[in-house]
Amino acid sequence: MATDANATPFDRLEIQVGPHTYDALASGPADGDVVLLLHGWPEFADSWSGVLPALGAAGYRAVAVDQRGYSPGARPPRIADYAVPELVADALAFADSQGAGRFHVVSHDWGGMVAWALAGAHPERLKSLTVLATPHPDALNRAAAEDAVQYHRLDYVRLFRQGDGVAEAALLADGAARLRAAYGGKVPDALVEANVRRLSEPGALTATLNWYRAPESIISVPAGRITVPTLFLWGSEDVALGRGAAESTGEWVDGPYRFEALEGVSHWLPEEVPDLVTPAILDHLRSHA
């Protein structure tokens with residue numbers, strides 16, 4: 001067993017996918033139904049520390065992975081290596097490593113974009129889909145085109161897509177003040193400091209920003225229509241992802257769908273309100289075993 005920054009016990013795994021080695025945290029019995037948890041930016045697997053123990057206690061094999069660019073052993077050099085199809089293929093490989101033909105996905109932020117794309121392309125692999133914060137990419141794309149406020153909420157993405165170290169320098173200047181500010185005071189200080197330390201390692205921040213740089217445009221994530229049972233949780237105080245895109249996401253879901261707006265809650269749902277999101281996730285998993 002290993003211990004994360006919050007002193008919560010987890011199994012610590014290494015998952016080999018081709019030439020890459022991914023670090024992961026897991027909770028629950030090895031023969032439980034697999035729940036794959038996908039983090040966002042700038043987060044790691046331990047962003048799910050408040051959720052993993054409850055999933056494991058409920059009998060699931062919950063596995064949260066430091067994804068491509070976040071694991072030191074999985075930092076390929078090219079921007080193209082971080083394209084969404086590569087990230088989706090990783091997610092399938094993570095599930096394969098646990099012996100899961102079909103599995104549940106729980107996701108947040110950029111992990112949500114990967115999850116939408118995964119569900120659209122490989123519905124036969126998923127028992128259920130849970131997305132925290134991130135609208136369906138087509139809903140976000142439409143909202144950004146029609147709503148100037150939503151368009152400018154994504155200005156940070158336009159910064160991140162700049163090359164030649166511009167974004168990295170901005171985020172790490174003054175003791176990584178801008179990187180720390182990204183969490184909006186909603187993530188525990190110990191976790192923020194651990195994230196900043198890891199993202200300050202040579203090459204780490206560039207690798208994670210390549211997720212933003214790989215698509216042709218800022219919201220060009222292929223997802224299509226979603227047929228798997230879907231739970232979408234969104235916080236009303238999300239500064240990046242507005243209500244319009246959140247409330248219209250259901251227009252792209254053909255399968256069973258549940259949307260919950262968490263009033264007064266920010267973007268950082270797994271870290272800020274695990275006590276709110278975990279029961280909703282467990283209810284969704286049980287409903288679609």
Roughly how far apart are [X] [atom1] and [Y] [atom2], rounded to 0.5 Å?
X: L118; Y: L129; atom1: CG; atom2: CG; result: 8.0 Å
X: L179; Y: E168; atom1: CG; atom2: CD; result: 11.5 Å
X: L205; Y: L199; atom1: CG; atom2: CG; result: 6.0 Å
X: T278; Y: L55; atom1: OG1; atom2: CG; result: 6.5 Å
X: S220; Y: N141; atom1: OG; atom2: CG; result: 8.0 Å
X: T249; Y: W252; atom1: OG1; atom2: CH2; result: 7.5 Å

Would you please test L231 and V131 for side chain to side chain contact (heavy atoms under 4.5 Å, CB included) and show each step?
-> CA-CA 6 Å; L231 170 66; V131 180; over 6 Å; no

Closest contact, heavy atoms only, [X] versus [Y]:
X: P274; Y: G50; answer: CB-O, 3.6 Å
X: L269; Y: A133; answer: CD1-N, 3.9 Å
X: A64; Y: A45; answer: O-CB, 3.3 Å
X: V84; Y: A117; answer: CG1-CB, 3.6 Å
X: A26; Y: V63; answer: CB-CG2, 4.1 Å
X: P29; Y: G56; answer: CD-O, 3.8 Å

Less than 4.5 Å apart, side chain to side chain, heavy atoms only: is that true for [X] and [Y]?
X: V65; Y: L38; answer: no
X: F103; Y: K127; answer: no
X: V265; Y: E272; answer: yes
X: E271; Y: L191; answer: yes
X: H136; Y: I226; answer: yes
X: W116; Y: T230; answer: yes
X: L262; Y: S236; answer: no
X: L233; Y: F259; answer: no

Taking a hydrophobic cluster as the set of Ile, Leu, Val, Met, Phe, Trp and Tyr residues connected by side-chain heavy atoms closer than 4.5 Å, whether directly or through intermediates, do [X] and [Y] fall within one such cluster?
X: L13; Y: L92; answer: yes
X: I281; Y: L276; answer: yes
X: I79; Y: V114; answer: no

Given H39 and W48, is the side chain to side chain contact (heavy atoms under 4.5 Å, CB included) satisfied, shown in steps?
-> CA-CA 8 Å; H39 65 78; W48 298 106; 3.9 Å; yes

Check: [Y] main-chain N/O paired with [X] side-chain donor or acceptor under 3.5 Å:
X: S266; Y: E237; answer: no
X: W211; Y: A83; answer: no
X: S71; Y: D23; answer: yes
X: E86; Y: D90; answer: no
X: R161; Y: Y212; answer: yes
X: Q16; Y: G18; answer: yes
X: S49; Y: D46; answer: yes
X: T206; Y: G203; answer: no
X: D147; Y: A144; answer: no
X: S107; Y: T130; answer: yes

Give the C-alpha distance, both sets of side-chain angles, the deciding distance and a yes or no for side chain to side chain contact (heavy atoms under 4.5 Å, CB included) between D11 and R61.
-> CA-CA 11 Å; D11 297 327; R61 181 58 169 173; 2.9 Å; yes

Can you list every pair that meets salt bridge (charged side-chain N to carboxylate O under 4.0 Å, His left out) and has a residue in residues 175-187, with sequence neighbours left out?
-> R180-E193

Apply the test side chain to side chain contact (heavy atoms under 4.5 Å, CB included) to residues T21 and I15: give CA-CA distance (whole Å), side-chain angles for both, the deciding distance (0.1 Å), then the verdict.
-> CA-CA 6 Å; T21 303; I15 299 174; over 6 Å; no

Could I get the full list of side-chain contact (heavy atoms from CB on, under 4.5 Å) partners for D96, not counting sequence neighbours?
-> R125

Applying side chain to side chain donor-acceptor pair (under 3.5 Å), can you list everything that pairs with [X], at least two apart in sequence or on another chain?
X: E251; result: R142
X: D254; result: R225
X: E216; result: none

Can we call the ring centroids of Y70 and W110 under 6.0 Å apart?
-> no

How about Y22 and F94: are their ring centroids closer than 6.0 Å?
-> yes

So does [X] pair up with [Y], basic N to acidic O under 4.0 Å?
X: D33; Y: R286; answer: no
X: R243; Y: D238; answer: no
X: R198; Y: D66; answer: yes

The residue among R102, H288, H104 that forms side chain to side chain donor-acceptor pair (under 3.5 Å) with S128 is H104

Take atom CG in D189; do more than 12 heavy atoms of anything else shown fall under 6.0 Å from it?
-> no

Assess whether atom CG of D174 is packed by more than 12 heavy atoms of other residues, nucleotides or ligands within 6.0 Å.
-> no

Pair Y183, N195: side-chain N/O donor-acceptor within cut-off below 3.5 Å | yes

Does a donor on one side chain sit under 3.5 Å from an acceptor on the other, for D109 and H267?
-> yes

With sequence neighbours excluded, what pairs up with Y156 under the ring-ring contact (aromatic ring centres under 6.0 Å, His included) test?
-> F160

